[in-house]
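Structure, as structure tokens:
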Protein chains: 2
Amino acid sequence: MAVGEAGRNRVEERVSRIVQQLRASGHRITPQRVAIIRHFVGRTDHPSAEDIHTELLADYPMMALSTVYGTLRLLAEMGEAVEVSPATHETRFDPDVGDHCHLTCLACNRIMDLPMDACVHAEDFATAAQHQGFQPVRQVYQVFGYCADCRRDREAPSRA
Amino acid sequence: MAVGEAGRNRVEERVSRIVQQLRASGHRITPQRVAIIRHFVGRTDHPSAEDIHTELLADYPMMALSTVYGTLRLLAEMGEAVEVSPATHETRFDPDVGDHCHLTCLACNRIMDLPMDACVHAEDFATAAQHQGFQPVRQVYQVFGYCADCRRDREAPSRA
DNA sequence: CTCGTTGCAAATCATTTGCAATGGA
DNA sequence: TCCATTGCAAATGATTTGCAACGAG
């Protein structure tokens, strides 16, 4: 119900691409890594490392939580995941690395995605959120990147 | 140099208003709380609880870190502070509760503010960031509020 | 006087790390 | 075979909590 055949193929494509990148950058391809990546990519929610670990434990009883953390960090460094920090202090990871908007509920800490096409104007975020039944309280826009100072020190680091 | 007389007055006004709100909601006004609030409100950076604690320790040698955490949480609940979670895992607090944009450096973890008036359109964030010498990598827009489910359970909680 | 608040220390919780064993390349 | 990666357990670091003393109302 969640992912159709087309969606599944798209997921597998992305998994393959990530695996290739990993191999290309000298990383080893282990069953654990593949399982974590496949389990993560294509999700539409924002799981924590522990979520993923718990869910994978059924199929991989020896899977260590630290391995999940490591693989997610790897994905984040590759630009294949974004860390999202909700009101709670457990980091969530988002496989959607495109520009989009998070609706974070202050009560239940759930994170919902807001399609960006509804948000051409900055002030549209709150309006679009309201259309989804979400009651906006505060908004913070975050742009991650490199500041003027740090940019100097990283002239083309290792980008392929 | 940082804050002129007008700015200082504005800070004191805001401190007074917060203190009044605290009193009105049945909280006690302690020297610690006033010191923390005064030290926090009016800042233009994004200090962590530990930052504030360390800085206040000079004038208040008995100030406990847990008191700082408690007061900042109180401010956040009152809507007088926003928690910001940078790439590092130490929560930062922002006294600016208006809609604005954070430029988070992935290298030095500094958080800079981006004036919102430059960002009418959603796609302006990255452009405006670049104008400041900031090299954007990823953007996430966060709207905090109450989702449809949680909104039901909180019909006018204690709002004055 | 009362009870919310403080300071301190211990506890908790997420995340990281050290290390010996394992298994991809 | 070789060395990156794993699993485990212990370490770390941020934040919270329990509790007796304190002090604002």
Side-chain angles (χ1 to χ4, degrees), chain A residues 16 18-37 39-40 46-54 56-78 81-93 109 111, chain B residues 16 18-37 39-40 46-54 56-78 81-93 109 158:
Chain A
S16 304
I18 294 175
V19 165
Q20 281 173 27
Q21 278 182 238
L22 277 176
R23 215 191 305 269
S25 56
H27 288 98
R28 292 190 178 161
I29 310 307
T30 64
Q32 291 92 331
R33 282 188 176 163
V34 176
I36 294 167
I37 296 169
H39 190 79
F40 174 66
H46 309 76
S48 66
E50 185 132 29
D51 289 338
I52 295 177
H53 179 238
T54 305
L56 283 172
L57 226 41
D59 292 321
Y60 301 79
M62 304 304 276
M63 175 80 65
L65 179 55
S66 55
T67 303
V68 176
Y69 271 109
T71 303
L72 288 173
R73 179 164 21 108
L74 213 48
L75 288 175
E77 284 166 6
M78 297 168 65
V82 181
E83 291 193 18
V84 197
S85 300
T88 178
H89 289 287
E90 192 181 39
T91 303
R92 314 294 194 81
F93 294 83
N109 290 317
I111 300 175
Chain B
S16 305
I18 293 174
V19 165
Q20 281 173 26
Q21 278 182 238
L22 277 176
R23 214 191 306 269
S25 56
H27 289 98
R28 293 190 178 161
I29 310 307
T30 64
Q32 290 92 329
R33 281 188 176 161
V34 176
I36 295 167
I37 296 169
H39 191 80
F40 175 66
H46 310 77
S48 66
E50 184 132 30
D51 289 338
I52 294 177
H53 179 237
T54 305
L56 283 172
L57 226 40
D59 291 321
Y60 301 79
M62 304 304 276
M63 174 81 65
L65 179 54
S66 54
T67 304
V68 177
Y69 272 108
T71 303
L72 288 173
R73 179 165 19 109
L74 215 48
L75 288 175
E77 284 165 5
M78 297 169 66
V82 181
E83 292 193 18
V84 197
S85 300
T88 178
H89 289 289
E90 192 181 40
T91 303
R92 312 294 193 81
F93 294 84
N109 290 317
S158 64

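The sequence lines fix the lettering, A, B, ..., with proteins before strands; numbering per chain opens at 1. Hydrogens, waters and symmetry mates are skipped; everything else that's a heavy atom, side chains included, is used.
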Look at the side-chain N and O atoms of Ser66(A) and state whether any lies under 4.0 Å from the OP1 or OP2 oxygen of dT16(C).
no

Return the set of residues passing side chain to side chain donor-acceptor pair (under 3.5 Å) with Ser16(B) (not counting sequence neighbours), or none when no residue passes.
none

Within this structure, what is the CG-CG distance for the pair Leu56(A) and Asp51(A), rounded to the nearest 0.5 Å?
11.0 Å

Contact list for DNA chain C against residues 22-30 of chain A - heavy-atom distance below 4.0 Å:
Arg23(A), Arg28(A), Ile29(A)

Polar atom pairs between nucleotides 11-15 of chain C and protein, under 3.5 Å, N or O only, would you list them?
{"unit_1": "dT15(C)", "atom_1": "OP1", "unit_2": "Thr91(A)", "atom_2": "N", "d": "2.8"}
{"unit_1": "dT15(C)", "atom_1": "OP1", "unit_2": "Thr91(A)", "atom_2": "OG1", "d": "2.7"}
{"unit_1": "dT15(C)", "atom_1": "OP2", "unit_2": "Tyr69(A)", "atom_2": "OH", "d": "2.2"}
{"unit_1": "dT15(C)", "atom_1": "O5'", "unit_2": "Tyr69(A)", "atom_2": "OH", "d": "3.0"}

Quick check for you: to the nearest 0.5 Å, what is the distance between Leu22(B) atom CG and Ile37(B) atom CD1?
5.0 Å

Checking Gln20(B) now: which residues fulfil side-chain contact (heavy atoms from CB on, under 4.5 Å) with it, not counting sequence neighbours?
none

Hits for side chain to side chain donor-acceptor pair (under 3.5 Å) against His46(A), two or more places apart or cross-chain, chain-then-number order -> Asp94(A), His102(A), Asp113(A)

Footprint ends on DNA chain D, 5' to 3', for atoms under 4.0 angstrom from a heavy atom of chain B, come out as dA14(D) to dG25(D)

Does dG24(C) have its OP1 or OP2 closer than 4.0 Å to a side-chain nitrogen or oxygen of Gln32(A)?
no

Not counting sequence neighbours, which residues clear side-chain contact (heavy atoms from CB on, under 4.5 Å) with Arg23(A)? List them please.
Val19(A), Ile29(A)

What's the spacing between His27(A) NE2 and Thr71(A) OG1 if we round to 0.5 Å?
10.0 Å

What pairs with Thr54(A) under side chain to side chain donor-acceptor pair (under 3.5 Å), at least two apart in sequence or on another chain?
none

Any side-chain N or O of Arg33(A) under 4.0 Å from OP1/OP2 of dG24(C)?
no

Pairs under 3.5 angstrom only: tabulate donor-acceptor contacts from the side chains of residues 62-69 of chain B to other protein residues two or more places apart or in another chain.
none

For the helix from dC1(C)-dG25(D) to dA25(C)-dT1(D), figure out the bend between the end axes, five pairs an end, and round to 10 degrees.
40°

Please list, chain by chain and in numerical order, all residues satisfying side-chain contact (heavy atoms from CB on, under 4.5 Å) with Thr30(A), sequence neighbours excluded.
Gln32(A), Arg33(A)

Among residues at least two apart in sequence or on other chains, which ones pass side-chain contact (heavy atoms from CB on, under 4.5 Å) with Ala81(A)?
Phe40(A), Leu75(A)

Just verifying a value: how many Å separate Leu74(B) CG and Gln21(B) CD, rounded to the nearest 0.5 Å?
10.5 Å

